[in-house]
Amino acid sequence: MKDFIIKYYGRMRDYLLEAKAEGADIESIAFEVGKLEEEYFNETGENMASTDSEYKEQNAVWGLFRKFDRLYGENSNFVERDAKSLLAMKIDLGFGIYTPPCPYSEEDFPDIQKKITTFISQRVKTPEDADSMPLLIGVAKMQLPQEKIKYIIENLTRMSHSLTDYVDYYDDGSWNWVTDCPFIVQYVFEKAAELTYKVAKGENSDGLEYDIREAFSYFQLSVPDSFQMKIDSVVDIVDNIVLDITEFIEKNDYHLCDKETWFRPILFNIALEGMLYTLENYSI
């Protein structure tokens, strides 16, 4: 790994932690991040990646820039969050917030879940364009015994239920789910990767907790920096996948139905992809 990548990655992570601290001067930090991003752009232009691994390492720094922009960029100024749940709220312009009824019957719900599952499974294997790589290539570096896979999937199932129940409890019809999806999907993806890593290493994973409120700030995993960088290297890829998922959900009006029908399948399948990403990109 090139020294300049380590330097920028460390500095960017420090800025994210500094911005997270209570009373942080976000405007000043954002100014420094902007300068750092310009420096990094110039230096990567002079130090072109010569291998796929170097390319991913460089992208890991861009992933942290993306995380900072998501949390503190210009668009964040237009997001209103509920003080208790931290969920993004739709802005009421004085006309009330009207949510149309679900256009599907309960008999359709299992089929909707299958369609969402199929869409995500295909999308993660599809590159954004001819010059990019897909999130998953379908070739695992590491194989786990069936009982460990079962343990991971059981935990991912519980996580998807828990986060769905949380949102369902606090949503009174004013939840801005499109705004929150990039945060929550990134969180679920990374938490699934962390769980898979620990299980693969034989480490105790009983202490892992899933708090959706962490998704709306900079959170860190208990994994080595080398693996965290692999995760951060695909932040943009995950973001593009989220955009396509939300478009698919909105186009079909699935979001008008109960969250068990559309939101939980998103969480569970993204978590599953986080497990598979770990198996493809980490070896003991």
Side-chain angles (χ1 to χ4, degrees), residues 52-53 56 59-60 63 67 113-127 133-166 181-212 214-215 219-242 244-245 260 262-284:
D52 286 343
S53 61
K56 285 185 177 181
N59 279 347
K67 285 184 174 181
Q113 292 174 328
K114 290 178 182 177
K115 287 179 178 178
I116 293 172
T117 296
T118 300
F119 180 86
I120 294 175
S121 177
Q122 293 175 345
R123 179 59 185 83
V124 297
K125 299 181 181 72
T126 305
M133 292 289 292
L135 180 65
L136 299 178
I137 60 174
V139 180
K141 288 183 178 179
M142 177 172 54
Q143 300 288 336
L144 294 182
Q146 193 59 38
E147 62 269 19
K148 288 191 174 184
I149 294 292
K150 181 181 178 182
Y151 173 81
I152 294 170
I153 291 177
E154 286 174 349
N155 276 270
L156 299 184
T157 300
R158 282 196 289 271
M159 176 173 64
S160 67
H161 277 294
S162 174
L163 301 191
T164 300
D165 289 345
Y166 181 93
C181 263
F183 294 90
I184 299 172
V185 165
Q186 187 73 46
Y187 180 75
V188 168
F189 179 79
E190 293 200 24
K191 282 295 184 177
E194 178 184 39
L195 172 65
T196 306
Y197 167 83
K198 286 188 170 295
V199 172
K201 290 284 288 183
E203 297 179 3
N204 187 352
S205 61
D206 293 342
L208 292 181
E209 297 180 352
Y210 308 108
D211 184 348
I212 198 172
E214 289 183 322
F219 60 91
Q220 292 182 292
L221 307 178
S222 53
V223 299
D225 285 350
S226 58
F227 184 49
Q228 180 66 64
M229 289 185 74
K230 288 182 182 295
I231 295 171
D232 289 329
S233 73
V234 294
V235 170
D236 275 345
I237 294 177
V238 173
D239 254 1
N240 288 330
I241 291 172
V242 174
D244 289 344
I245 292 173
E260 178 67 21
W262 66 275
F263 186 60
R264 195 183 74 78
I266 293 176
L267 299 187
F268 176 73
N269 283 286
I270 288 296
L272 197 61
E273 310 310 342
M275 178 190 77
L276 296 174
Y277 181 79
T278 304
L279 298 179
E280 286 193 9
N281 289 274
Y282 181 80
S283 56
I284 299 175

Measuring from atom [atom1] of [X] to atom [atom2] of [Y], what distance do you get when rounded to the nearest 0.5 angstrom?
{"X": "Asn269", "Y": "Thr117", "atom1": "CG", "atom2": "OG1", "value": "4.0 Å"}
{"X": "Ile270", "Y": "Glu190", "atom1": "CD1", "atom2": "CD", "value": "12.5 Å"}
{"X": "Glu209", "Y": "Glu214", "atom1": "CD", "atom2": "CD", "value": "8.5 Å"}
{"X": "Thr278", "Y": "Phe189", "atom1": "OG1", "atom2": "CZ", "value": "7.0 Å"}
{"X": "Leu267", "Y": "Cys181", "atom1": "CG", "atom2": "SG", "value": "8.0 Å"}
{"X": "Phe227", "Y": "Asp232", "atom1": "CZ", "atom2": "CG", "value": "10.5 Å"}

Taking [Y]'s backbone N and O only, do any of them form a donor-acceptor pair with [X]'s side chain (distance below 3.5 Å, no angle check)?
{"X": "Ser160", "Y": "Thr157", "answer": "yes"}
{"X": "Arg158", "Y": "His161", "answer": "no"}
{"X": "Glu194", "Y": "Ser222", "answer": "yes"}
{"X": "Lys125", "Y": "Ser121", "answer": "yes"}

Can you check whether [X] reaches [Y] side chain to side chain, under 4.5 Å on heavy atoms?
{"X": "Phe268", "Y": "Ile153", "value": "yes"}
{"X": "Asp236", "Y": "Asn59", "value": "no"}
{"X": "Met229", "Y": "Lys56", "value": "no"}
{"X": "Ile237", "Y": "Tyr277", "value": "no"}
{"X": "Tyr282", "Y": "Lys201", "value": "yes"}
{"X": "Leu221", "Y": "Lys191", "value": "yes"}
{"X": "Ile266", "Y": "Ile184", "value": "no"}
{"X": "Asn240", "Y": "Arg123", "value": "yes"}

Can you see which heavy atom on [X] is nearest to which on [Y], and at what distance?
{"X": "Ala192", "Y": "Ala271", "value": "CB-O, 3.1 Å"}
{"X": "Ile231", "Y": "Ala193", "value": "CD1-CB, 3.9 Å"}
{"X": "Ile116", "Y": "Pro265", "value": "CG2-CB, 4.0 Å"}
{"X": "Phe219", "Y": "Gln186", "value": "CZ-O, 4.2 Å"}
{"X": "Ala215", "Y": "Tyr187", "value": "CB-CB, 3.6 Å"}

| Among Val242, Asp239, Ile245, which residue meets the side-chain contact (heavy atoms from CB on, under 4.5 Å) test with Val185? |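 Looking at Val242, Asp239, Ile245, the match for Val185 under the side-chain contact (heavy atoms from CB on, under 4.5 Å) is Val242.
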
Show me, pair by pair, the donor-acceptor contacts under 3.5 angstrom made by side chains of residues 134-151, not counting sequence neighbours?
residue : atom : partner : partner atom : Å
Lys148  : NZ   : Val199  : O            : 3.4
Tyr151  : OH   : Ser205  : OG           : 2.9

| remark: Residues at least two apart in sequence or cross-chain that pass ring pair (Phe, Tyr, Trp, His ring centres under 6.0 Å) with Phe183, listed by chain then number, are Phe216

| request: Determine whether the side chains of Thr164 and Glu260 contain a donor N or O and an acceptor N or O closer than 3.5 Å. | output: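 Their side chains do not contain a donor-acceptor pair, so the 3.5 Å distance test is not met.
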
